[in-house]
Amino acid sequence: MRELRALKNVGESGVVMRFAPNPSGPLHLGHARAAYLNDYYVRKYGGRYVLRIEDTDPRRVEPENYQLLIDDTKWMGLNITETVYQSDRFPIYYEHGRKLIEMGAAYVCTCDSESFKKLKDAKEECPCRNRSVEDNLAMWEDMLAGKYAEGSVTVRLKTDIAHPDPAMRDFSIFRVVDSPHPKLKDAKVYPMMNLSVVVDDHLLGITHVIRGKDHIANTKRQEYIYNYFGWKQPEYYHYGRMSIGDVVLSTTAMKNGIREGTYTGWDDIHLGTMKAIARRGILPEAIKNAMIDIGVGQTDIQFSWENLFAANKELIDPVVNRYFCVTDPVKCVVKNAPTVTAKALLNPNDESKGYRELKFSGALYADPADLKDVTMVRFKDLFNAKVSANADGTFSLEYSGESLEDARKEKARIVHWLPADDSQIVKCLLRAPDGDKEGFCERSVIKESGKVVQFERVGFARIDSADNEKVVAYFAHH
RNA sequence: GCUGAUAUAGUGUAGAGGCCAAUCAUGCCGGCCUUUCACGCCGGCGACUCGGGUUCAAAUCCCGAUAUCAGCACCA
């Protein structure tokens, strides 16, 4: 694993960092970068890692997502030292909001958003900006008392209305929302993230923040609040946009798809959620390694499944058991073949894991693709056979000795197979994002349920479910 | 439109003026090993966006162009 660049201004006691998702859905690949990068530095320097759940938009909070988030961070193996919920901290935000109003740093604005935008774009103050502190405070109290309807009023921070960057001009720090919050009974006034984030970062002692570059303007906006309070700003690092192909990430698209039955749930393998990736046999450690390899650069990048798979293979290949799985199987009788029992190592890298036995007596299943256009094959751990294709798509096989040397001499392909004997095999459905394959696998795969195995010459797969009738496996990668 | 950021092989990444005819990983190709087309080992392929400038010397600094991205929400 490569070493990431050192952070600036790391103190004696290490760092305090945070991972701050909002509970609008489960964690996905996009979150993983922030989560693991921050995690990396907390491990590197020591300190605290705060999981902060940013549930300050009641419309985007779904109660069931809280647990989803916690479960995901646990699966990811994040070194979280404490968890805070912003919904528990509204009194703190109100207190600081009031202070800003008292010091004349914020004002209550009753302009509708379009007219404010017009003024803002023209670098012109809105009439509310010069309201007296007393009036602002009175209106603030009325806001908290629920006397204002949603959209009729907002609290803005006084920045610089003529700032060259329009994003900096008197942005909003509190708003009124009429929707109920699942965790707050009577809240009407909600802090905007720039306010709540600054207050929390300061109070929680956050020293370093790694976040996406979509927050780069927020970092500059937040600087105004830090300055008003006389607080010191953390060190920030903004990584570039990461586009992720082949998978659905948008929360609304996922929700709609699940509701309409296009996806089976949050762990549908067409989604980019942690749950879906876990289901596909990817270890959290592999995601972590892939994310650390990507690092904190500001360049926009294309997420590489290839690299993730390589990271995963590095972890699982040495330890995972091997089995045969024949997809699209064709049944073949082998003429003149003796009855023999094949012994195949569970893991050729580790003989101490033992082997599995497959008893051949007359007929086997093979992958037709392996028998096509060849005159001889070596059935791995079994024997050689001469092959001839029949007009009807079947194959005629004839025993041709068990000498491995002969097979090599003939350059025979060494292929996987299964005995055509129901007591030794089980139906296997191998599922992948681009389609399913059906076939058989060794019966002993049943006891690997929940684990990742290697189907020899097919690829790595996670055994999703298994009983005496059927194994369902999800393809991970080659 | 305004503000800001970034531009190194297919992908990711190192490189913060001379050690760079550019690192590592992954990928691809070839070979070895091997009763898996896995793993391992060896070899190979493949990149500094373009144009100016500064300098004895630039992938590295400056300017411009181009491209991409982000922000300009009473979301986070």
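These numbers were taken from a predicted model, which means no experiment stands behind them. Each chain gets a letter, A, B and so on, in the order the sequences are listed, and its residues count up from 1.
Between A:Gln454 atom CD and B:rG40 atom C1' the separation is 14 Å, expressed in whole Å. Whole-Å rounding puts the A:Leu308 CG to B:rA25 C1' distance at 14 Å. Rounded to whole Å, the distance from CD on A:Glu124 to P on B:rC2 is 18 Å. For the pair A:Arg322 CZ and B:rC39 C1', the computed distance is 7 Å after rounding to whole Å. Between the CH2 atom of A:Trp417 and the C1' atom of B:rC37 there is a distance of 19 Å, rounded to whole Å. Rounded to whole Å, the distance from NE2 on A:His416 to P on B:rU36 is 13 Å. For the pair A:Glu3 CD and B:rA25 C1', the interatomic distance rounds to 16 Å; values are reported in whole Å. Atom P of nucleotide B:rC37 and atom CZ of A:Phe475 are separated by 16 Å, given to the nearest angstrom.
Taking every side-chain heavy atom of A:Ile294 into account, B:rU13 is the closest of B:rU36, B:rC69, B:rU13. Distances were taken from every side-chain heavy atom of A:Pro164 (C-beta onward) to each of B:rA38, B:rU3, B:rU11; the shortest belongs to B:rU3. The listed nucleotides are B:rG12, B:rU8, B:rU36; the one nearest the side chain of A:Lys380 is B:rU36. In the set B:rA38, B:rG12, B:rU35, the nucleotide with an atom closest to the side chain of A:Arg408 is B:rU35.
Look at A:Glu410 and A:Arg408 and you find no salt bridge, because none of the NZ, NE, NH1 or NH2 atoms lies under 4.0 Å from a carboxylate O. Between A:Lys188 and A:Asp178 there is a salt bridge, since a side-chain N of the basic residue sits under 4.0 Å from a carboxylate O of the acidic one. A salt bridge links A:Asp317 to A:Arg322: at least one charged side-chain nitrogen sits closer than 4.0 Å to a carboxylate oxygen. A salt bridge links A:Arg59 and A:Glu150; the closest N-O separation between the charged side-chain nitrogens and carboxylate oxygens is under 4.0 Å. Ionic pairing of A:Lys147 and A:Asp142 is present here: one or more N-O contacts between side-chain nitrogen and carboxylate oxygen are shorter than 4.0 angstrom.
Just one residue in the list A:Arg129, A:Lys158, A:Arg156, A:Lys117 forms a salt bridge (charged side-chain N to carboxylate O under 4.0 Å, His left out) with A:Asp170, and that residue is A:Arg129.
The ring of A:Phe440 has its center closer than 6.0 angstrom to the ring center of A:Tyr365. The six-membered or imidazole ring of A:Phe360 lies near that of A:Phe383, with a centre-to-centre distance under 6.0 Å.
Pair assignment for B:rG27: B:rC45, on the basis of Watson-Crick or G-U wobble contacts that are both within less than 3.5 Å. In this structure, B:rC20 makes no Watson-Crick or G-U wobble pair, since no nucleotide meets both defining distances under 3.5 angstrom. Across all strands shown, B:rA5 forms a Watson-Crick or G-U wobble pair, both distances under 3.5 Å, with B:rU68. When both pairing distances are held under 3.5 Å, B:rA57 makes no Watson-Crick or G-U pair with any nucleotide shown. Remark: B:rU35 base-pairs with no nucleotide in the shown strands. Criterion, Watson-Crick or G-U wobble with two distances under 3.5 Å. For B:rA14, there is no paired base (Watson-Crick or G-U wobble, both distances below 3.5 Å).
Projected onto RNA chain B by closest heavy-atom contact, A:Ala310 and A:Ser304 fall at different nucleotides, the more 5' of which corresponds to A:Ser304.
A:Glu306 comes within 4.0 angstrom of a nucleotide base, judged by non-hydrogen atoms across all strands. Heavy atoms of A:Ile301 sit under 4.0 angstrom from primed sugar atoms or phosphate atoms, though from no base atom. Using a 4.0 Å heavy-atom criterion, one finds that A:Arg59 contacts no nucleic acid atom at all. As judged by a 4.0 angstrom heavy-atom cut-off over every strand, A:Phe460 is placed among residues touching the sugar-phosphate backbone only. Looking at heavy-atom distances under 4.0 Å, A:Pro318 makes no contact with the nucleic acid at all. Residue-level contact check: A:Arg2 touches the backbone only, with heavy atoms under 4.0 Å from sugar-phosphate atoms and none from bases. Using a 4.0 Å heavy-atom criterion, one finds that A:Arg378 contacts the bases of the nucleic acid, with or without backbone contacts as well.
Annotation: B:rA38 and B:rC45 have their C1' atoms spaced 23 Å apart (nearest Å). Taking the P atoms as reference points, B:rG18 lies 12 Å from B:rU60, given to the whole Å. Here the separation of B:rC37 from B:rA21, taken at their C1' atoms, is 37 Å to the nearest Å. Taking atom P in both B:rU11 and B:rU68, one finds a spacing of 16 Å when rounded to whole Å. Distance noted for atom C1' between B:rG31 and B:rA67: 41 Å (whole Å). Between B:rA16 and B:rC61, the two P atoms lie 10 Å apart (nearest whole Å). When the C1' atom is used for both B:rU36 and B:rG44, the distance is 25 Å, rounded to whole Å. Annotation: B:rA25 and B:rG64 have their C1' atoms spaced 36 Å apart (nearest Å).
Judged by distance alone with a 3.5 Å cut-off, no donor-acceptor contact links the side chain of A:Asp300 to the base of B:rU6. Below the 3.5 angstrom threshold, one finds a donor paired with an acceptor across the side chain of A:Asp370 and the base of B:rC37.
Relative ring orientation between A:Trp305 and A:Phe303 is described as perpendicular, the plane-to-plane angle rising above 60° on a 0-90° scale split at 30° and 60°.
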- [ ] Scan nucleotides 71-76 of chain B nucleotide by nucleotide, 5' to 3', and note B when protein non-hydrogen atoms come under 4.0 Å of the base, S if they reach only the sugar-phosphate, - if neither.
- [x] BBSBBB

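Contact annotation: A:Lys313 side-chain N/O to B:rA38 OP1/OP2 distance is not under 4.0 Å.
The minimum heavy-atom distance linking A:Arg60 with A:Asn22 is given by the pair NH2-ND2, 2.9 Å.
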